[in-house]
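These notes are about the structure you will find just below.
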Amino acid sequence: MNYWLMKSEPGDVSIDDLAQRGTVGWYGVRNYQARNFMRDLMQVGDGVLFYHSSCAEPGVAGFAEVCKPAYPDPTQFDPTSKYFDAKSTSDQPRWQQVDVKFIGKTRILNLEEMRRYPELAEMPVLKRGNRLSITPVTAVEWSFIRSLLS
DNA sequence: GCCAACGTTGGC
DNA sequence: GCCAACGTTGGC
């Protein structure tokens with residue numbers, strides 16, 4: 001059982017979209033390290049901090065859970081998608097996604113507030129220059145944020 | 001829109 | 001396999 005922080009642009013998929021749809025496929029990851037987390041380490045039942053990025057108020061916006069293990073991301077095969085990858089074939093897909101299901105929406109836990117808690121100081125999302133869209137969360141960080149937002 | 005950070009690409 | 005150039009991310 002692992003925990004993860006996963007960034008989504010709310011203009012693309014927001015916590016409200018997830019709440020409405022119940023589950024979503026985590027398409028569009030085009031970074032090998034983030035892909036490997038999904039492919040090699042994510043399991044059904046893993047906890048997810050749903051994070052809003054590239055928006056007016058970046059921060060943790062809710063909780064989700066991995067509900068389907070990694071499988072090929074269909075957008076890599078779609079020439080009309082901005083995530084199309086010409087070097088990817090159905091025999092040799094490069095990119096994977098998992099499905100996540102909605103657990104709950106919370107208030108926005110923004111970066112300024114997160115920085116105030118020493119318990120969260122090591123989270124990659126708070127480190128300067130971090131760009132990775134999927135990062136591991138420790139059990140301590142997970143419990144802390146769960147109680148903070150409950 | 002700026003820009004720091006850092007992953008990727010491609011020439012050698 | 002080095003490394004400079006380039007592209008992207010994402011907070012501000």
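Labels below follow one simple rule: chain letters A, B, ... track the order of the sequence lines, proteins then strands, and each chain is numbered from 1.
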*Measure the shortest side-chain to side-chain distance between A:Y32 and A:W95 over non-hydrogen atoms and say whether it is less than 4.5 angstrom.*
yes

*Mind calculating the distance between CG (A:D12) and P (C:dG10) to the nearest angstrom?*
12 Å

*Phosphate-side-chain proximity, A:Y51 and C:dG11, N/O vs OP1/OP2 below 4.0 Å*: yes

*Would you kindly give the CG-to-P distance between A:L132 and C:dT9, to the nearest whole Å?*
12 Å

*For A:R94 and B:dT8, what is the distance between atoms CZ and P respectively, to the nearest whole Å?*
10 Å

*asked:* For a quick check of understanding: with a heavy-atom distance under 4.0 Å over all strands, which category does A:R128 fall into, base, sugar-phosphate or nothing?
replied: sugar-phosphate

*Centres of the A:W142 and A:F63 rings: under 6.0 Å?*
yes

*For A:Y83 and C:dT8, give me the distance from atom OH to atom P, rounded to whole Å.*
12 Å

*Please report, rounded to the nearest Å, how far the P atom of C:dT8 is from the CD atom of A:E9.*
13 Å

*Heavy atoms under 4.0 Å, any strand shown: does A:R35 hit a base, just sugar-phosphate, or nothing?*
nothing

_Measure CE/A:M6 against C1'/C:dT9 and give the value in whole Å, please._
17 Å

*Does the side chain of A:Y71 come within less than 4.5 Å of A:V98's, by heavy atoms?*
no

*In whole Å, what is the span from the CZ atom of A:R131 to the C1' atom of B:dC6?*
4 Å

*asked:* Can you measure A:D85 atom CG to B:dT8 atom P for me and round it to whole angstrom units?
replied: 12 Å

*Kindly say if A:K7 contacts the phosphate of C:dT9, meaning a side-chain N or O under 4.0 Å from OP1 or OP2.*
no

*Evaluation steps, ring pair (Phe, Tyr, Trp, His ring centres under 6.0 Å), between A:W26 and A:F50*: CA-CA 11 Å; A:W26 208 271; A:F50 192 103; 5.5 Å; yes

